[in-house]
Amino acid sequence: MASLKRSVESDPLAANISNKIYVRSTKSGKVQKIVREVYLRRDIPCSSKLCRECQHQMLIPKDALGKPIPFVLSDSPAGTKVFPQGHYLVPDTNAFLTAMDLFEQESAFYDVIVLQIVLEELRNRSLPLYNRLISLTKSEDKRFYVFFNEFRLETHVARLEGETVNDRNDRAVRRAVAWYGEHLARIKGKDAPSIVMLSNDRDNLRKAKQEGIHACSLADYVRQLKDGEKLLDMIPETQDRDQIKEKRPGDNLYSEYFSMSKMMTGVKSNLLHQGIFNVSPYNYLEGSIRVPAFPKALLILGRENINRAVDGDLVVVEVLPKDQWKEPSTQVIEEDAITKNENPDAEESDDFVSERERKALQEEVKRTHRKTTEGHAQPTAKVVGVIKRNWRQYVGHIDQSSVSQSAQQGRKQDSVFVIPMDKKIPKIRLRTRQVSELLGKRILVTIDAWDRSSRHPSGHFVRSLGELETKAAETEALLLEYDVQYRPFPKTVLDCLPKEGHDWRVPQSLEDPGWKDRQDLRDLLICSIDPIGCQDIDDALHSRPLPNGNFEVGVHIADVSHFVKPGNAMDAEASIRGTTVYLVDKRIDMLPMLLGTDLCSLKPYVERYAFSVIWEMTSDADIVGSRFTKSVIKSREAFSYEQAQLRVDDSSQQDQLTTSIRTLLALSKKLKQKRLDAGALSLSSPEVKVQMESETSDPIDVKTKVHLDTMSLVEEFMLLANTSVARRIYEAFPQTAILRRHGAPPKTNFDELANQLKVKRGLDLSVESSRALADSLDRCVDEKEPFFNTLVRIMATRCMMSAEYFCSGTQAYPEFRHYGLASEIYTHFTSPIRRYADLMAHRQLAAAIEYEAIHPSTRSRGKLEAVCKNINVRHRNAQLAGRASIAYYVGQALRGKATEEDGFVMKIFSNGFVVLVPRFGIESLIRLRDLAETEPQAEFDAENYVLRVSGSREVRVELFQKVRVRVTDQKDETTGKRGVRMELVKTY
C-alpha cells in the first residue's frame, strides 16, 4: 500500500508542513487520534512599524472592508532603566494568568506581543481572562499584537519525545522571543528595541537567560517603571518571590482538599455532593448548598466546615454524621463585629477559630441542645474541595483597625484587611505600599489565593475608585460589583452604525430594499405608553374594530435586528452586555444611543421600522387568529402611564386614539383574568421611585410607585406577544428556539413561610401548583391591616426560583413552563433595544416567517447555550444593580433627615429583627444592641417567632407585627456604604 505521507522529493513544500496530533475520547469510550497538517509560512508579519521588510514583503491582513490593517507595534517604544533604547514585551501564559490587571493599566505595558500559543492556552485556562486580553488586542492605544507563532516557519516548534505540553509551550515562547530579537536586529542593528519575555515561572526565566534572551519576572520588570512602587501592589503576593515563605506542615489551619479524582468518584457514587456554596446574608459563619439528594439545603456551619469556600464557588461537600446535624442559625453574626482589630500580619496564628467566633457558635449549640423537639435539625456538611472558584474583582475599603501606625506614615509594604462591599465575601488580606493614600477610598481588589495556613484569603490591589461616599466612586463601585459593562462603546462598534447618523430616515420609495416584504402600517392609530421620561421606546400598540364585531389588536416592536446584524462588532458587544442597566441617575445602554434613543426608538410623529404581532380577537379577548410581519409604522403619540390613565378616565375625550386605548384596556383586563384563572401568580416586591433635583441630580425625596391600570394594559399585551412569538419560533426551530422558563420551586422552599403563617395567623399555604398557591395567597388577608397581603406576597416571591433563558433543545417540553405566568411556553420579544434575548427572538421569528434566512449563529445550539448562560447572569446582575442604586439614593435622600414611619417585621433572630418600611421600599436590621446602650437580655421563642426583650425597656416583637420606626441615614462602617438606619419607636 502506498504511503500518503508527503516527501520532500515529491513535494518541495513538504518541509514547510508540520503535523499537530490530538487525542480525544469518543462517546463510546474509545480513544481517537486526530492528525492535522499545519502549513508553515514565512509571510506572517512582525507588525513593528520599524520593520520595512515586513511592510513590503509580507502578507498584510485586511479588515472586513478589504483595507490593510496597519502595523501595531510602535516605531518608538518606551524605554526603561534596563532597556533604554526601547522594548517590546512578550508575556507568557503565566504572566497573563496572574497579573492581567497590570496589563490593563494606562501608565505602562504598551507594545505587547501576544503569542498565539499563549492566547490559546489562556483561553483553555480562563475564559474571562481570555476575553479581557482580546479586548486589549482591540485597543488602538495599548498596541497589543497577536502573532501567530504556530504558523510562522521560524517560530514553530515541534514537541520533543518525552517533553510535557507545558515545557513545549514555554520553549515556543522563548523561540518566538529569540526570533523577534534576531529579526529586528537584522533590520535596525544596534538600534533595535529589546524583546523582553515576562514570566513568573522560575524555570522558564532560568532557561531564557541561559539562551541569552532578555527575560524578567513581573516584579523585576515593574521595579524599572516610573510608577513601579504603586504597580508592585498589583502583583499577586504568591507570585512575588520576596514574599514566598516556607510553610511547615503544622502551620496548616484548614483541612486539605480532596483530589479531583476522589471528588468526582465520590460525587458519582453519591457519597459526596456537588453544588453552589451560598453564604447567609445574616451570618458569615453559616452557608448552605442545594443538592439533588436532599429535599432541603445542606447547612455548612463554622469556619472549619466552610473550609475556604467563598460565596458562589462550585464546591464538593460530605455530609456530617446525624448527631452533628443542626438547625439554621437564629443569630445575626457579622464578620466585622467578630473579627474587629485582627492583626493581618498574624494570619498564621494557632488560634484558628477566634474567641468571639467560638462564643457565638457556642450560643447556637446551647440553643439547639435546649430544644425538646427533634424534627427541625437539618443535615450539615463540610466542604472537601472546590471544583470552580467564583472569584472576581471586589470593591471594598481598607479596615482602619487593621492599619498599623507605621503603615500610615511610610512607604514600606504592609499588610491590611480590605472589607468588601458584599457582606457575603470574607475580609481579604492585602499587602500594599500605599496604605496612607488608600485609607478612606473605595478600592478594587482581587483574591489571588487562600492557603490552608491563612485564616483569610490574600489578594492584591487593582486600583482606587475615589473617596468613599462620593457619587462618582459609589456609582462606579456599584457597576463593578455587579459586573456591568459600562465603558464607552469602542470605535469598531460605532463604525457599524448607519453613516447618516441622526439624519437616517425610512426610505420614501417603496422600491427601496428596506421596504422588501414590509407591511405599510403608517395609517394605523398607533401609540406608545411608557414610564415618564422614557427615551428607548421598544413597543407601541393599536386597536381598531373590525366589521365582524371583533377587534384587531397590534403590538409593534422596534425592529432592532434591521440595524444590528449577526456577527458584527455591535452584535458581539450587545451579546456581551446582554441587557441595558437602569440606575436611578443613569442608564447603561446595551446598544449605542443613536439606535436606542433615536433610530430604533418608536418615537411619535416619525416613521420607524417595526416588527408587528397582530391578532384578531373577540370582545371576550379570545384570539381568533394571529400574524407576524415586518412593518413600517408612524406612532401618533408617546404617552406616559399617567397621561394615558388621565386620558382614559376623562369622559370628555372621545377621539379615535383615546377610544382605541379604552378598547385595549378592556381587553387587557379580560386577558389578565384568563391568566389568573389559569393559575398565574400575582407576586409583589417593594417598589419606590427616587425624585431627583433637576439641576444638581441630587436625590430629594422617595415616593412609593402607584400602580395604574395603564401599566397592566401594556404588561398584558406584551405577555401575549411574547407567548405568541414563543410558540411560533418553537414551531419553526424546535431545537434552537430562545425561550424563557420559570421552574416550579421545590415545596420545601415554602416550609418556613407556611409554618410562619400557620403559627402566627392560622392560615394554610398550599403549594401543590401555581393555581393552589395563587388561591392561598389571596386568602392571606388581615382585615385590620391591608398591607399584610402585600407583605406575604413579597415573602413568597423570595421563595421562588429565578426565571431563566434557555435553548429549547436542552429541555423537555414540560420543563418549558413558566410557573409564575402559568404559561406552557414563553420568550422575550418585546424589548430588543434593551435585551439581547429579544434581539435573538426577532432573528428567529424573521426566519420563521421566511423574511430572511437564519444566520448560522442563531441556529447553532452550542453558541445559543453560551449566549443564554451569559444573558442569564447579565439579567440578574442588572436587577441587583438597579436595586442597589435605589438603596444608595434612598440613603442619600435621607441624609441629615429623620422621619418616623410604619414598618412590618419580616424576620426575627435571637439578637435582632428585620423591618420593612413600605414608604421607602427598604428593609433594615434592628439589633438588640440598638435598643439600649448596653445590649439587653432577650428571650427568643423560635417556635412562635417572638422576641421578648427585658431590662430598662421591655419590648415584645413578633413576626408580621406592625411597628413604628425612626428612619435616618447612617454610614455602614462595615461596608463603607451610606444606607438607612432604623430605631424602634414603638410596637402596635
Problem set entry | Ionic contact status for K758 with D764, cut-off 4.0 Å | yes
Exercise. Any idea which heavy atoms bring Q274 and V291 closest together, and the distance?
Worked result: O-CG1, 3.6 Å
For this session: Would you name the heavy atoms of I926 and M982 that are closest together and state the gap between them?
Result: CG1-O, 3.7 Å
Seminar exercise, completed: Residues F750 and A796: closest non-hydrogen pair is CE2-O, 4.0 Å
Exercise. Do the side chains of I306 and V383 get nearer than 4.5 Å, heavy atoms only?
Worked result: no
Problem set entry | K322 atom NZ, over 12 foreign heavy atoms within 6.0 Å | no
For this session: Sequence neighbours left out, what pairs pass ring pair (Phe, Tyr, Trp, His ring centres under 6.0 Å) with at least one residue falling in residues 969-988?
Result: none
For this session: For residues K382 and L320, determine if any side-chain heavy atom of one lies less than 4.5 Å from a side-chain heavy atom of the other.
Result: yes
For this session: Could you tell me whether the side chain of R919 and the main chain of G903 form a donor-acceptor pair under 3.5 Å?
Result: no
Exercise. Is the closest basic N to carboxylate O distance between K326 and E286 below 4.0 Å?
Worked result: no
For this session: Could you check if a side-chain atom of K971 sits within less than 4.5 angstrom of a side-chain atom of L468, using non-hydrogen atoms only?
Result: yes
Problem set entry | Minimum heavy-atom distance A297-Q378, with the two atoms named | O-NE2, 3.1 Å
Exercise. Can you tell me how far the CZ atom of R761 sits from the SG atom of C780, to the nearest 0.5 Å?
Worked result: 10.0 Å
For this session: State whether a side-chain donor-acceptor pair under 3.5 Å links T968 with Q970.
Result: no
Exercise. Side chain of N789, backbone of V781: donor and acceptor closer than 3.5 Å?
Worked result: no
For this session: Measure the CG-OG distance between L773 and S769 for me, rounded to the nearest 0.5 Å.
Result: 8.0 Å
Exercise. Do L298 and T380 come close enough that some side-chain heavy atom pair is under 4.5 Å?
Worked result: no
Seminar exercise, completed: Rounded to the nearest 0.5 angstrom, the CD1-CG distance for I425 and N390 is 8.0 Å
Seminar exercise, completed: By ring pair (Phe, Tyr, Trp, His ring centres under 6.0 Å), F909 pairs with (sequence neighbours left out) Y282
Exercise. About how many Å separate OG of S682 and CG of D778, when rounded to the nearest 0.5 Å?
Worked result: 7.5 Å
Problem set entry | Side chain S885, main chain A881, donor-acceptor under 3.5 Å | no
Exercise. Any sub-3.5 Å donor-acceptor pair from N283's side-chain atoms to L285's backbone N or O?
Worked result: yes
Exercise. Where the side chain of N305 meets the backbone of G302, is there a donor-acceptor pair that is under 3.5 Å apart?
Worked result: no
Exercise. Any Lys/Arg nitrogen of R883 or E481 sitting under 4.0 Å from an Asp/Glu carboxylate oxygen of the other?
Worked result: no
For this session: Can you run down the ring pair (Phe, Tyr, Trp, His ring centres under 6.0 Å) pairs that involve residues 766-799, sequence neighbours left out, and say none if there aren't any?
Result: F787-F904, F788-F960
Exercise. Side-chain contact, heavy-atom cut-off 4.5 Å: I908 with T330?
Worked result: no
Exercise. Does a side-chain N-to-carboxylate-O contact under 4.0 Å join D969 and K897?
Worked result: no
Problem set entry | Salt-bridge present (D483, R392; N to O < 4.0 Å) | no
For this session: Work out which heavy atom in R442 is nearest to a heavy atom in V395; give both atom names and the distance.
Result: CD-CG1, 3.7 Å
Exercise. Between E900 and R964, is the closest basic N to carboxylate O distance under 4.0 Å?
Worked result: yes
Exercise. Any side-chain heavy atom of M800 sitting closer than 4.5 Å to one from L681?
Worked result: yes
Exercise. Taking H742 for the side chain and M801 for the main chain, is one N or O donor matched with an acceptor at less than 3.5 Å?
Worked result: yes
Exercise. Any donor and acceptor pair, going by atom type alone, linking the side chain of R308 with main-chain N or O of S255 inside 3.5 Å?
Worked result: yes
For this session: State, to 0.1 Å, how close S910 and A938 come at their nearest heavy-atom pair, and which atoms those are.
Result: O-CB, 4.4 Å
For this session: Could you check R981 against V967 for side chain to side chain contact (heavy atoms under 4.5 Å, CB included), going step by step and ending with a plain yes or no?
Result: CA-CA 6 Å; R981 181 176 186 269; V967 184; over 6 Å; no
For this session: Could you tell me whether the side chain of M906 reaches within less than 4.5 Å of the side chain of Q756, counting heavy atoms only?
Result: no
For this session: First locate atom CD of Q331, then atom OG of S280, and finally report the distance between them rounded to the nearest 0.5 Å.
Result: 11.5 Å
Exercise. Sub-3.5 Å donor-acceptor pair from the side chain of D941 to the main-chain atoms of V946, do we have one?
Worked result: no
Problem set entry | Side chains of Y826 and L821 in contact at under 4.5 Å (non-hydrogen atoms) | yes
Exercise. Would K760 and D782 count as a salt bridge (charged side-chain N to carboxylate O under 4.0 Å, His left out) if you check the C-alpha gap in whole Å, the side-chain angles of each, and the deciding distance to 0.1 Å?
Worked result: CA-CA 12 Å; K760 302 306 294 181; D782 183 337; over 6 Å; no
Problem set entry | Stepwise side chain to side chain contact (heavy atoms under 4.5 Å, CB included) test for V949 and L931 | CA-CA 9 Å; V949 183; L931 301 178; 4.1 Å; yes
Exercise. If only atom types and distance count, is the side chain of E935 paired as donor or acceptor with the main-chain N or O of L928 below 3.5 Å?
Worked result: no
For this session: For the residue pair D585 and Y889, confirm or rule out a side-chain donor-acceptor distance under 3.5 Å.
Result: yes
For this session: Begin with the C-alpha distance, continue with both residues' side-chain angles, and end with the deciding distance and a verdict on side chain to side chain contact (heavy atoms under 4.5 Å, CB included) for L984 and R953.
Result: CA-CA 11 Å; L984 183 66; R953 183 186 180 189; 4.0 Å; yes
Exercise. Under 4.0 Å between a Lys/Arg side-chain N and an Asp/Glu carboxylate O for R966 and E983?
Worked result: yes
Exercise. Do H273 and F294 make the cut of ring centroids closer than 6.0 angstrom?
Worked result: yes
For this session: May I ask you to say whether D775 pairs ionically with R779, meaning some side-chain N is under 4.0 Å from a carboxylate O?
Result: no
Exercise. If you measure from the Lys or Arg side-chain nitrogens to the Asp or Glu carboxylate oxygens, is any gap between R798 and E752 under 4.0 Å?
Worked result: no
Problem set entry | Derivation and outcome, side chain to side chain contact (heavy atoms under 4.5 Å, CB included), residues L314 and I276 | CA-CA 5 Å; L314 179 61; I276 302 295; 3.9 Å; yes
For this session: Could you tell me the separation between the CG atom of L916 and the CD atom of E901, rounded to the nearest 0.5 Å?
Result: 12.0 Å
Problem set entry | Presence of salt bridge, E958 and R956, under 4.0 angstrom | yes
Exercise. If you draw a 6.0 Å radius around CD in E768, do more than 12 non-hydrogen atoms from other residues or ligands fall strictly inside?
Worked result: yes
Exercise. Do the side chain of T797 and the main chain of R793 share a donor and acceptor less than 3.5 angstrom apart?
Worked result: yes
